K.L.:
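Sharing a structure, written as structure tokens. Questions coming.
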Amino acid sequence: MAKIAAAFSDPIRVRIMDILMQGRDENCVSTPHPELPHAICPYVDVLPKLGNIARSKLSYHLKELRDAELVEERRMGKQVFYLVNQQTIEQFLHMLEQRYLRQGRKA
């Protein structure tokens, strides 16, 4: 739980998660993954949306998100695609609910 919370503590990682959650749009220039139509290539599709950050900084933040299991990485040839790991998000929300919301209270 702490690792996931720490991953969300950085505004750049939150922005990356927002972009990945939106998935492919008309500005994506990478070749779509045939099995994962919403997955996007971070260095081609995400980096331009983050403004002026270095590729190495994006790599670092993607590693933090992978380590927290918040994103999934899939390869297709030389291209790498990312998408949000919905299962981890759901588990995190469930842990928060069980631990911090009072019984009978609806979010």
Side-chain angles (χ1 to χ4, degrees):
M1 191 163 135
K3 191 166 198 131
I4 294 170
F8 276 119
S9 71
D10 187 284
I12 293 174
R13 289 193 288 270
V14 171
R15 181 71 181 122
I16 292 168
M17 289 292 290
D18 289 345
I19 293 167
L20 292 175
M21 194 62 212
Q22 290 170 0
R24 295 190 68 79
D25 63 18
E26 66 278 352
N27 297 318
C28 291
V29 294
S30 66
T31 304
H33 192 291
E35 297 168 11
L36 305 166
H38 295 293
I40 58 178
C41 183
Y43 303 105
V44 176
D45 301 321
V46 175
L47 192 59
K49 294 177 181 181
L50 292 174
N52 192 21
I53 74 163
R55 188 177 171 106
S56 60
K57 191 170 191 176
L58 176 58
S59 293
Y60 166 76
H61 288 297
L62 289 170
K63 180 188 180 310
E64 293 294 312
L65 293 170
R66 277 193 320 270
D67 289 350
E69 298 180 17
L70 286 168
V71 296
E72 297 178 50
E73 176 185 277
R74 303 285 173 86
R75 293 187 178 271
M76 182 177 78
K78 291 184 178 184
Q79 277 190 307
V80 180
F81 291 85
Y82 280 82
L83 62 157
V84 173
N85 185 337
Q86 295 290 312
Q87 185 176 0
T88 298
I89 301 289
E90 289 170 10
Q91 289 171 347
F92 182 63
L93 288 173
H94 181 72
M95 285 187 288
L96 286 175
E97 182 179 51
Q98 294 299 310
R99 194 166 183 161
Y100 298 110
L101 291 179
R102 294 188 180 143
Q103 294 292 4
R105 181 177 167 195
K106 297 286 181 186

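We number each residue from 1, following the sequence as shown. Everything numeric here is computed off the predicted structure, so don't read it as measured data. We use all heavy atoms of the structure for the numbers below, so side chains are in, but hydrogens, waters and symmetry mates are not.
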K.L.:
What pair of heavy atoms forms the shortest contact from Val80 to Pro42, and how long is it?
P.N.:
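Heavy atoms only, the tightest pair is O-CD, 3.3 Å.
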
K.L.:
Nearest heavy-atom pair of Pro32 and Met76: which atoms, and what distance?
P.N.:
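Answer, listing the atom of Pro32 first, then Met76: O-CE, 3.8 Å.
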
K.L.:
Determine whether more than 12 heavy atoms belonging to other residues, nucleotides or ligands lie under 6.0 Å from atom CD of Glu69.
P.N.:
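No, CD of Glu69 has 12 or fewer neighbouring heavy atoms, counting only those of other groups under 6.0 Å.
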
K.L.:
Any link between Leu36 and Ile89 through a network of hydrophobic side chains (Ile, Leu, Val, Met, Phe, Trp, Tyr) touching at under 4.5 Å?
P.N.:
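Different hydrophobic clusters.
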
K.L.:
Can you tell me how far SG of Cys41 sits from CZ of Arg75, rounded to the nearest 0.5 angstrom?
P.N.:
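Arg75 CZ to Cys41 SG: 10.0 Å, rounded to 0.5 Å.
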
K.L.:
Decide yes or no for Ile19 and Ile40: does some side-chain heavy atom of the first lie under 4.5 Å from some side-chain heavy atom of the second?
P.N.:
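Of all side-chain heavy-atom pairs linking Ile40 with Ile19, at least one is under 4.5 Å.
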
K.L.:
Which residue pairs pass the ring-ring contact (aromatic ring centres under 6.0 Å, His included) test when at least one of the two sits in residues 10-54, sequence neighbours left out?
P.N.:
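Every ring-ring contact (aromatic ring centres under 6.0 Å, His included) pair that includes a residue of residues 10-54, provided the two are not neighbours, is His33-Phe81.
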
K.L.:
May I have the step-by-step check of side-chain contact (heavy atoms from CB on, under 4.5 Å) for Leu96 and Leu101, ending in yes or no?
P.N.:
CA-CA 7 Å; Leu96 286 175; Leu101 291 179; over 6 Å; no

K.L.:
Search all heavy atoms of Pro11 against all heavy atoms of Ser9 and return the closest pair with its distance.
P.N.:
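Closest approach of Pro11 to Ser9, heavy atoms only: CD-O, 3.8 Å.
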
K.L.:
Just by modelled atom types, is the Arg24 backbone N or O under 3.5 Å from a matching donor or acceptor in the Asp45 side chain?
P.N.:
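Pair absent, no side-chain N/O of Asp45 close to backbone of Arg24.
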
K.L.:
Give the minimum heavy-atom separation between Ala7 and Leu70, together with the two atoms involved.
P.N.:
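Result for this residue pair: CB-CD1, 3.6 Å.
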
K.L.:
Distance from Lys57 atom NZ to Asn52 atom CG, nearest 0.5 Å?
P.N.:
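Between Lys57 NZ and Asn52 CG, I get 9.5 Å after rounding to 0.5 Å.
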
K.L.:
Taking only residues two or more places apart in sequence or in another chain, which ones pass ring-ring contact (aromatic ring centres under 6.0 Å, His included) with His61?
P.N.:
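Testing His61 for ring-ring contact (aromatic ring centres under 6.0 Å, His included), a comparison that skips the adjacent residues, returns none.
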
K.L.:
For the CE atom on Met95, are there more than 12 heavy atoms of other groups (residues, nucleotides or ligands in this structure) within a distance under 6.0 Å?
P.N.:
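Count over threshold, so yes.
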
K.L.:
Taking Tyr82 as the starting point, is it possible to reach Val29 by hopping between hydrophobic residues whose side chains are less than 4.5 Å apart?
P.N.:
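Not linked; separate clusters.
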
K.L.:
Is the shortest side-chain heavy-atom distance between Met21 and Gln86 below 4.5 Å?
P.N.:
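Heavy-atom side-chain distance check passes, below 4.5 Å.
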
K.L.:
Would you indicate whether the side-chain heavy atoms of Phe92 and Met1 approach each other to under 4.5 Å?
P.N.:
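Yes - at least one pair of side-chain heavy atoms lies under 4.5 Å apart.
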
K.L.:
Output the distance between atom CZ (Arg15) and atom CG (Leu20), rounded to the nearest 0.5 Å.
P.N.:
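Rounded to the nearest 0.5 Å, the CZ-CG separation comes to 10.0 Å.
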
K.L.:
Evaluate the side-chain proximity of Asp10 to Glu64: yes if any heavy-atom separation is below 4.5 Å, no if none is.
P.N.:
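When only atoms from C-beta onward are counted, Asp10 and Glu64 do not touch, as no gap falls below 4.5 Å.
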
K.L.:
Same hydrophobic cluster for Leu65 and Tyr60, using side-chain heavy-atom links shorter than 4.5 Å among ILVMFWY?
P.N.:
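In one cluster with Leu65: Tyr60, no.
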
K.L.:
Are Val44 and Leu83 co-members of a hydrophobic cluster defined by side-chain heavy atoms under 4.5 Å apart?
P.N.:
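No, it is not one cluster - the side chains of Leu83 and Val44 are not joined through contacts under 4.5 Å.
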
K.L.:
Using every non-hydrogen atom in the two residues, find where Leu62 and Val71 come nearest and quote the distance to one decimal.
P.N.:
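Taking every non-hydrogen atom into account, O-CG2, 4.4 Å.
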
K.L.:
May I ask you to say whether Asp67 pairs ionically with Lys3, meaning some side-chain N is under 4.0 Å from a carboxylate O?
P.N.:
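Result for this pair is no, no salt bridge flagged.
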
